There are 2 protein chains.
Amino acid sequence: MPDHPPHHATIDDVARHAKVSIATVSRYINRSARVSPGTAARIEAAMTALAYQPTSAAQKLAGGKMNTIGLVVDEISGEFFQPMLRGIQAGASDAGYDLLIYSLRRTNRAGRYALGEKNCDGLVVFADSLPDDELCRLSETSFPVVLLHRSSPSGFNIPCVTIENKRGARDMVDYLIEQRGYRRIAFLRGHEGHEDSAWRETGYKESLAAHGLEYDSRLVGYGGFDEDIAKETVTQWLRRGITMDVIFAADDDSAIGAILAIKHCNRHVPQDIAVVGFDDIRLANYLDPPLTTVRAPIEEVSRTAVEKLVEVMHGHSVPPVTLLPTELRIRQSCGCC
Amino acid sequence: MPDHPPHHATIDDVARHAKVSIATVSRYINRSARVSPGTAARIEAAMTALAYQPTSAAQKLAGGKMNTIGLVVDEISGEFFQPMLRGIQAGASDAGYDLLIYSLRRTNRAGRYALGEKNCDGLVVFADSLPDDELCRLSETSFPVVLLHRSSPSGFNIPCVTIENKRGARDMVDYLIEQRGYRRIAFLRGHEGHEDSAWRETGYKESLAAHGLEYDSRLVGYGGFDEDIAKETVTQWLRRGITMDVIFAADDDSAIGAILAIKHCNRHVPQDIAVVGFDDIRLANYLDPPLTTVRAPIEEVSRTAVEKLVEVMHGHSVPPVTLLPTELRIRQSCGCC
DNA sequence: TTCAATCATGTAAACGCTTACAAAGCATAC
DNA sequence: GTATGCTTTGTAAGCGTTTACATGATTGAA
């Protein structure tokens, strides 16, 4: 008896074993039409006997649906990433989709984006990981896309899901002014193109204005969503003798940098200068002092993005913008106790 | 002019546009054979003109290779996960593979594993995310698999990549005994099935033995690789009046729990009881006091696992076990300063 | 009893590629 | 000028599914 190389069972094998046609097997597998109970049982038996597993590539080719959602990120890093992926994976899995991750810092071949229309049924695009024109191109072919932590390029109407950045920042600054009585409030902004940062800054400005405090550009610096950059900026401030009651960092990482800079200059948080952040990463609660921050429901947002994407893929329409609420997390770094 | 639904360009369209056969286009795309410069230029032009992109499903079906590596994890969580994914993605991307993530806490349909032979060219399996028999089944069909943070089921010879757990733990305990002079050293173990934990415990025991210290089972408890569990265990110890010089936690999360428990009982770290961990998660350096721990090169290990997997997929043989070295990170929680 | 409707199943044509094989073009060597 | 070999290209057969359409069996109503 010739023992062939372990050729994996195909749908033909199952059909033969169950004495039906491959069409019937396919129908049974996909529940795409009724098959009689007897036949169903024979097919089921054949499948287990042969340890049959559909070849997804063939299903994709023939069926036209990939059953795959793509996630585009620029880089896998930051405290941000894990809850995001967790949410995305959960959403995809619940909807019965596979997840393909495109990390564009490491694009495969010669700038040509390997992602997209042919290989996924839909795409979740994180922040500014994809240039606007690419986004527009995808949108024009009416390929399902949902944006995460950014809004649609103007003129287009790509649904987006993110958190209430402006509101969160506004709440935080309101709190600092109203409850803590601070007047000189510095702000550490994030990346240039990053919308989260821009909205948070807007919330900051609105709160100042609402309380009759003047916006002072010397109190706004670049934190880069990065511990080291923020540390450098704050150190410069302190060296130049710029004074402030509190530093509102656009994210927790830069808040950490701010705390470090203050300590390095032998000043105390929050007695000399208070510090607050945004995101509520795990670290926040373990810092010394524990960091007052705005909790961003990252996992929920990501999961929601996938849910919206699935809607779009099913041809339903979804609201152009979905915002999830934030929440103040008051700890010691703001001087509350 | 009838405007068809935006039918995506196929290889046929490109071939027609470039006035060559599809075979030539395919050869050009895959560089699988020489094509004359003139032809190449026409094909290239046609591809950009039509914004052509190969359909991966078709390539997979026809070519027999998926160009996809699967990563099997049980859950997307823990500080551990991000560096791991980062390493895996980097490795896969460098080797020109896509990455598919199987999170088995959320298996798709009725226990039938959708992963594997038909849909990836190879699999990286993390720790105990897959039962042994499943692993064996895969191995028997000589499907390329590499294990991450676990060893091969006995009788099989599946390559594995992990860190020098035993050696790392041994180094740490040696240090605690020789440099710090501790004698009563408690150990917080991790999950039952988790090999990392088992090896670390072995290293702990070996060091004790090598220094003529007796193994005291009352000083070994369950930390569960989890902050809360560890906290509970240590709290119990302290309540029962069990004394120790230092607690060696099998991972940093349980070390955090230990520190919390000690503080809750109004004792001081490291003056009353020192604490050390394992992994060197980001948090470690920000704790109060900063945590002495063993650095586990998680990202490098993951990346290496993919590299080994690619070797296996290419039919090369790889060493059955690859261990990456750890490194002591001495900070304040061990009482060094 | 007969005709239509319904149901379960089979047949065969895609889906968009890769690749073995064949053919054609064109030097080179005799 | 013909045989030889190399290079470039084309032809066509799959790869393992899904699904439109066809078929035969069964049922129910007239």
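Atom set for the values below is all heavy atoms of this structure, side chains included, hydrogens, waters and symmetry mates excluded. Bear in mind that the values here come from a model prediction, so they are computed numbers and not experimental data. To find a chain, count down the sequence lines: A is the first, B the second, and so on, and within it residues start at 1.
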- prompt: Among C:dT19, C:dC17, D:dT17, which is the nearest nucleotide to the side chain of B:A23?
  reply: C:dT19

- request: Rounded to the nearest angstrom, tell me the gap between atom CD in B:Q59 and atom P in C:dT19.
  value: 10 Å

message: How many whole angstroms separate atom CD1 of B:I22 from atom P of C:dT19?
response: 13 Å

field: Side chain of A:I11 - closest among C:dT18, C:dG10, D:dT18
entry: D:dT18

- prompt: Is a salt bridge present between B:D132 and B:R137, judged by a nitrogen-to-oxygen distance below 4.0 Å?
  reply: no

message: Once you apply a heavy-atom cut-off of 4.0 Å, does A:R27 come out as touching a base, just sugar-phosphate, or nothing?
response: base

- line: Among the nucleotides D:dT8, C:dC17, D:dG10, whichever has the atom closest to the side chain of B:R34 is D:dT8

B:L61 or A:A40, whichever maps to the more 5' nucleotide of DNA chain C: A:A40

Shortest side-chain distance from B:A62, nucleotide among C:dT19, D:dG16, C:dG16: C:dG16

A:S26 side-chain N/O to D:dT17 phosphate OP1/OP2 under 4.0 Å: no

statement: Rounded to whole Å, the NZ-P distance (B:K60 to D:dT17) equals 15 Å

Rounded distance in Å - CD1 (A:I29) to C1' (D:dT17): 9 Å

query: Are B:E307 and B:R303 ion-paired here, with the side-chain N under 4.0 Å from a carboxylate O?
result: yes

Ring-ring centroid check A:Y52 A:H17, cutoff 6.0 Å: no

- request: Give a yes or no on whether the backbone of B:F126 and the side-chain of B:S129 come within a donor-acceptor separation of less than 3.5 Å.
  value: yes

- prompt: Within less than 4.0 Å of OP1 or OP2 of C:dG10, is there a side-chain N or O belonging to A:S21?
  reply: yes

- prompt: When you check the gap from the basic side-chain N to the acidic O, do A:E311 and A:K308 get nearer than 4.0 Å?
  reply: no

statement: Between B:G63 and B:V35, the residue closer to the 5' end of DNA chain D by nearest nucleotide is B:V35

- request: Calculate the interatomic distance between B:D12 atom CG and C:dC17 atom C1'; express it in whole Å.
  value: 9 Å

message: Any non-hydrogen side-chain atom of B:L309 less than 4.5 Å from a side-chain atom of B:P144?
response: yes

Integer-rounded Å distance: D:dT19 P and A:R31 CZ: 15 Å

statement: Whole-Å distance, B:L50 CG to C:dG16 P, equals 14 Å

query: NA contact type, A:S32, heavy-atom cut-off 4.0 Å: base, sugar-phosphate, or nothing?
result: nothing

- request: Grab the CG-P distance between A:N30 and C:dT9 for me, whole Å please.
  value: 16 Å

task: Could you check which of C:dC17, D:dT19, D:dT17 has an atom nearest any side-chain atom of A:Y52?
output: D:dT17

- prompt: Looking for any heavy atom pair under 4.0 Å, which part of the strands does A:T24 touch: base, sugar-phosphate only, or nothing?
  reply: sugar-phosphate

query: Across the strands shown, which category fits A:S36 at heavy-atom distances under 4.0 angstrom: base, sugar-phosphate, nothing?
result: sugar-phosphate

query: Taking OP1 and OP2 of C:dC15, is either one under 4.0 Å from a side-chain nitrogen or oxygen of B:T10?
result: no

